[in-house]
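So that the names make sense, note that chain A is the first sequence line, chain B the second, and so on, each numbered from 1.
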Protein chains: 2
Amino acid sequence: MNKSELKVISVLERVGGFASAQQLHQLLLRSGESIGLTSVYRALQSLSDDKIVDQLRKEDGEAIYRLCGESHHHHLVCKSCGSTVEIEGSALEKWAKAMAQEHGYREVGHLAEIFGICPKC
Amino acid sequence: MNKSELKVISVLERVGGFASAQQLHQLLLRSGESIGLTSVYRALQSLSDDKIVDQLRKEDGEAIYRLCGESHHHHLVCKSCGSTVEIEGSALEKWAKAMAQEHGYREVGHLAEIFGICPKC
DNA sequence: CTTGAAAATGAAAATCATTTTCATTTCTGC
DNA sequence: GCAGAAATGAAAATGATTTTCATTTTCAAG
């Protein structure tokens, strides 16, 4: 576990959810760390190999990462103004777990977001 | 529905499963069709917008496409081999609707995928 | 059958996340 | 301190996808 990996883990802890390599790099720079984008990619790759972070893909193909096993929440995002509300997802968790079990999948995670137009817009 | 889209649909029918844009382009050329890679991408984009093909991502970020199965559904994706299972999401729909209503959101849509490791891997 | 505007087409250039290269710096154990 | 190994990051390379733009095709109206 080298310096870059420690830095990346710490910023992932701060973020608490999914983020892309480029976002994480920006966050690290903004918080005063000195680290190259290359090292962020290398750290994420290595952490992913070691099952310390989950990696998946957004619809546009960009990779996003988060700490494994982190308890997480979901977002309700306004399509118009972009404001977000954190929402509770136990029903969703149950659904995901049931579906995965039904098909024999292990090490299960999920990604879910709800979009709509908020009351103000 | 233009010529390119028809050609792409026909090759997708022939393939019967997922294939990348580049693979589809090669297959079309090999079977004697004259079509540019650009047009393959454009056709896939348009067919995807029209919900005629499903688009998703391999682990390496490359997009793969196939003719849509029937109704609105979600995917259970294997992080290791990329195989997917279409799953039923009525529990998810209910959750999304309830959460949106609770916060006064309108015109609601959602995005959800479950990922894990399939029984074979 | 013309004509002209709109749609379609594709080659080449641009984009952009990610990976690779490679020269330099930092650790390590001795 | 010192040699070799590991880590680092800037810059170049890669590769899928998108955009640009000039050309071709389609097709309805005259």
Side-chain angles (χ1 to χ4, degrees), chain A residues 1-12 15 17-67 111, chain B residues 1-12 15 17-68 75 77 79-82 84 111 113 115:
Chain A
M1 180 89 46
N2 56 40
K3 281 184 187 170
S4 299
E5 292 175 17
L6 290 172
K7 288 178 186 172
V8 167
I9 288 177
S10 106
V11 74
L12 277 170
V15 167
F18 283 104
S20 71
Q22 320 250 357
Q23 286 173 330
L24 294 171
H25 182 226
Q26 285 304 313
L27 286 169
L28 281 166
L29 292 187
R30 272 186 226 132
S31 60
E33 291 289 354
S34 167
I35 188 172
L37 181 56
T38 310
S39 296
V40 174
Y41 275 110
R42 249 190 306 244
L44 286 169
Q45 184 72 47
S46 160
L47 292 170
S48 179
D49 290 347
D50 295 348
K51 307 272 163 61
I52 295 170
V53 308
D54 272 341
Q55 165 178 9
L56 65 112
R57 300 271 167 183
K58 290 193 300 183
E59 293 217 346
D60 67 359
E62 193 180 17
I64 52 180
Y65 308 83
R66 76 166 174 202
L67 285 178
L111 176 63
Chain B
M1 179 90 44
N2 56 39
K3 280 184 188 170
S4 299
E5 292 175 17
L6 290 174
K7 288 178 186 172
V8 167
I9 288 177
S10 106
V11 75
L12 277 170
V15 167
F18 282 105
S20 71
Q22 319 249 358
Q23 288 173 329
L24 294 171
H25 181 227
Q26 284 305 313
L27 286 170
L28 281 165
L29 292 187
R30 272 186 225 133
S31 59
E33 290 288 356
S34 167
I35 187 172
L37 181 56
T38 310
S39 295
V40 174
Y41 274 110
R42 251 191 305 245
L44 286 169
Q45 184 70 51
S46 161
L47 292 170
S48 179
D49 290 346
D50 296 348
K51 306 273 160 60
I52 295 169
V53 308
D54 271 341
Q55 165 177 11
L56 62 107
R57 299 272 168 182
K58 289 193 301 181
E59 279 272 292
D60 68 356
E62 192 181 18
I64 50 180
Y65 309 82
R66 75 168 167 196
L67 287 178
C68 255
H75 290 115
V77 184
K79 285 191 282 194
S80 177
C81 70
T84 66
L111 173 65
E113 279 202 302
F115 48 93

For [Y], is there any backbone N or O sitting under 3.5 Å from a side-chain donor or acceptor partner on [X]?
X: A:Ser39; Y: A:Ile35; answer: no
X: A:Arg66; Y: A:Gln55; answer: no
X: B:Asn2; Y: B:Ser4; answer: yes

Taking [atom1] from [X] and [atom2] from [N], how many angstroms apart are they, rounded to a whole number?
X: A:Leu37; N: C:dA17; atom1: CG; atom2: P; result: 9 Å
X: A:Gln26; N: C:dA17; atom1: CD; atom2: C1'; result: 14 Å
X: B:Glu62; N: C:dA17; atom1: CD; atom2: C1'; result: 14 Å
X: A:Arg42; N: C:dA17; atom1: CZ; atom2: P; result: 19 Å
X: A:Lys3; N: C:dT26; atom1: NZ; atom2: C1'; result: 7 Å

> Between the side chains of A:Gln22 and A:Tyr41, is a donor N or O closer than 3.5 angstrom to an acceptor N or O?
Replying inline: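 Judged by distance alone, the side chains do pair up.
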Tell me what [X] touches on the nucleic acid: a base, only sugar-phosphate, or nothing, going by heavy atoms under 4.0 Å.
X: B:Gln22; result: base
X: A:Ser4; result: sugar-phosphate
X: B:Ser46; result: nothing

> Between A:Gly36 and B:Thr38, which is nearer to the 5' end of DNA chain D once each is assigned its nearest nucleotide?
Replying inline: A:Gly36
> Do other residues, nucleotides or ligands put more than 12 heavy atoms under 6.0 Å from the NZ atom of A:Lys58?
Replying inline: yes
> Under the side chain to side chain contact (heavy atoms under 4.5 Å, CB included) criterion, do B:Val53 and B:Ile9 qualify, and how do the steps go?
Replying inline: CA-CA 9 Å; B:Val53 308; B:Ile9 288 177; 5.7 Å; no
>> Could you tell me the boundaries of the chain A footprint on DNA chain D, defined by atoms under 4.0 Å from its heavy atoms?
In response: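 Endpoints of the contacted stretch of DNA chain D: D:dA7 to D:dA11.
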